[in-house]
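Because only heavy atoms are used, hydrogens play no part in the values below, and waters and symmetry mates are left out as well, while side chains stay in.
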Amino acid sequence: MGITAAVAGASGYAGGELLRLLLQHPQIEIGTLTAGGNAGTKLAEHQPHLLPLADRVLAPTTPQELAGHDLVFLALPHGASAKIAAQLPPETVVVDCGADHRLVSAQAWEEFYGGEHAGTWAYGLPELPRPGGRQRDELRGARRIAVPGCYPTASSLALAPGFAAGLLQPDDVVVIAASGTSGAGKSARPNMIGSEVMGSMSPYGVGGVHRHTPEIEQNLGLAGQEEVRVSFTPTLAPMSRGILATGTAKLKPGVTGAAVREAWEKTYQGEAFVHVLPEGRWPRTADTLGANTALIQVAVDERVGRVIAVSAIDNLTKGTAGGAIQSANLALDLPETLGLPMVGVAP
């Protein structure tokens with residue numbers, strides 16, 4: 001019998017993407033599917049594209065329903081995962097796609113999320129450079145995994161090579177990123193309806209208040225082993241999925257464009273899912289659609305002494321569900337790329 005996986009929050013966007021990918025996974029069998037307010041309904045009412053699972057009835061999200069599986073994915077709002085995870089067996093691999101266990105600092109959690117910090121789990125961004133290796137080293141054999149936020153995935157992968165190589169100053173880092181509307185979840189909101197979004201872009205979470213800010217700082221600080229301060233501004237783009245993140249930072253004195261290029265290429269050399277594009281070719285969100293890939297380009301603005309790093313991901317795939325399965329593969333001692341698409345959909 002294969003590995004059994006339950007998905008909590010199966011009626012939402014992240015849950016639907018998890019199921020789309022798990023249907024292609026050769027060693028994972030989809031078990032119980034749960035939901036909150038949608039419990040008792042068929043999955044087809046919420047995820048009509050998932051035809052093989054159309055007649056599955058969503059169970060309530062309780063520890064009892066999720067127990068008995070080898071693997072549990074929690075695609076729940078922040079604040080909802082910790083209580084459920086605490087009641088699951090310690091041998092179960094629990095992958096939290098929400099924010100509850102991403103941050104190391106309890107103070108940062110309380111400042112940006114409020115409430116009590118639930119603790120820190122192994123961080124699910126395998127390619128993130130850290131002293132002596134990569135974050136994947138922390139994921140092998142892990143039984144509790146915190147999937148990164150979608151903005152931190154794109155932003156951290158874009159800038160981490162420069163901090164890991166000691167090329168960038170840590171006190172003047174700016175990230176501006178555009179996300180598709182699926183990043184806001186599936187709940188109905190007036191500002192997310194088509195007539196409000198189509199043909200328009202708008203910022204939100206301006207002024208250092210977005211909850212992903214401390215997570216980006218945490219990742220870049222881990223890569224460079226020093227405190228990094230980030231000014232992060234998210235924007236909403238008129239597309240359903242995708243993130244384009246542009247990060248800039250001041251170069252340390254004497255750092256050349258050639259050194260920058262070498263650092264980025266060396267960092268991601270051999271990575272299956274993170275690709276530094278040839279010089280002059282810039283990332284597009286369309287090229288990552290449905291794929292567990294991150295496309296990156298880097299340049300130096302010599303006039304002002306800054307690096308500009310741009311990354312594109314699909315926020316639902318590499319930014320959430322794909323990253324979750326990639327991390328679960330490592331935890332279960334499976335090939336890291338198993339069941340994950342590397343090719344996007346075009347046009």
Can you measure from [atom1] ([X]) to [atom2] ([Y]) and round to the nearest 0.5 angstrom?
X	Y	atom1	atom2	value
I308	T246	CD1	OG1	9.5 Å
Q24	L19	CD	CG	11.5 Å
E227	Q218	CD	CD	12.0 Å

Can you name the side chain to side chain contact (heavy atoms under 4.5 Å, CB included) partners of [X], sequence neighbours left out?
X	answer
A299	W282
V300	L251, V260, E302
P129	R134, A160, A164, A223, T267
V206	P203, T233

Between side-chain atoms of residues 51-64 and protein atoms elsewhere (two or more places apart, or another chain), which donor-acceptor pairs fall under 3.5 Å?
residue, atom, partner, partner atom, Å
R56, NH1, G31, O, 2.7
R56, NH2, I30, O, 3.1
T61, OG1, T34, OG1, 2.7
T61, OG1, A35, N, 3.4
T61, OG1, A35, O, 3.2
T62, OG1, E65, N, 3.2

Shortest non-hydrogen contact from A154 toward S311: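 That closest heavy-atom pairing would be O-OG, 2.7 Å.
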task: Please name the pair of heavy atoms, one in G205 and one in P234, separated by the smallest distance, quoted to 0.1 Å.
output: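 Minimum heavy-atom contact is O-CD, 3.9 Å.
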Pairing residues for [X] by the side chain to side chain donor-acceptor pair (under 3.5 Å) criterion, not counting sequence neighbours:
X	answer
H117	none
S11	N38
D137	R140

message: Give me each pair satisfying ring-ring contact (aromatic ring centres under 6.0 Å, His included) with a member in residues 71-106, each pair once, sequence neighbours excluded.
response: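 Applying ring-ring contact (aromatic ring centres under 6.0 Å, His included) to every pair that reaches into residues 71-106, excluding sequence neighbours, yields H78-Y113, H101-W121.
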message: Please list all pairs meeting ring-ring contact (aromatic ring centres under 6.0 Å, His included) that have one or both residues in residues 226-277, counting only residues at least two apart or in different chains.
response: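 Applying ring-ring contact (aromatic ring centres under 6.0 Å, His included) to every pair that reaches into residues 226-277, excluding sequence neighbours, yields Y151-F232, H210-F232.
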message: Looking only at the side chains, is there a donor atom on one of E215 and Y123 sitting less than 3.5 Å from an acceptor on the other?
response: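 Checked: E215/Y123 side chains pair up, N/O donor to acceptor below 3.5 Å.
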field: Electrostatic pair R306:D172 at N-O distance under 4.0 angstrom
entry: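 Salt bridge present between R306 and D172.
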- request: Please determine if E279 and R281 form a salt bridge, counting it only when a charged side-chain N lies under 4.0 Å from a carboxylate O.
  value: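 No, E279 and R281 are not salt-bridged.
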Any heavy-atom pair between the side chains of [Y] and [X] that's under 4.5 Å?
X	Y	answer
L74	V95	no
V72	V93	no
P26	L338	yes

Mind listing the side-chain donor-acceptor pairs of residues 314-326 below 3.5 Å, one per line with the distance, residues two or more places apart or on another chain?
residue, atom, partner, partner atom, Å
D314, OD1, R241, NE, 3.3
D314, OD1, L316, N, 2.9
D314, OD1, T317, N, 3.4
D314, OD2, R241, NE, 2.9
D314, OD2, R241, NH2, 3.1
D314, OD2, G290, N, 2.8
D314, OD2, T317, OG1, 3.4
N315, OD1, G242, N, 2.6
N315, ND2, S182, OG, 3.0
T317, OG1, E17, OE2, 2.6
T317, OG1, R241, NH2, 3.3
K318, NZ, E127, OE1, 3.0
K318, NZ, E127, OE2, 3.0
K318, NZ, Q326, OE1, 2.9
T320, OG1, N315, O, 2.9
Q326, OE1, N292, ND2, 3.1
Q326, NE2, E127, OE2, 2.8
Q326, NE2, E336, OE2, 2.7

message: Applying a strict under-4.5 Å side-chain criterion to I, L, V, M, F, W and Y, I'd like to know whether V173 and L125 cluster together.
response: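 V173 clusters together with L125.
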Shared hydrophobic cluster for L18 and V94 (ILVMFWY, side-chain gaps under 4.5 Å):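 No, separate clusters.
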Identify all side-chain donor-acceptor contacts of residues 104-111 below 3.5 Å with residues at least two apart in sequence or on another chain.
residue, atom, partner, partner atom, Å
S105, OG, Q107, N, 3.3
S105, OG, A108, N, 3.0
W109, NE1, G114, O, 3.2
W109, NE1, E116, O, 3.4

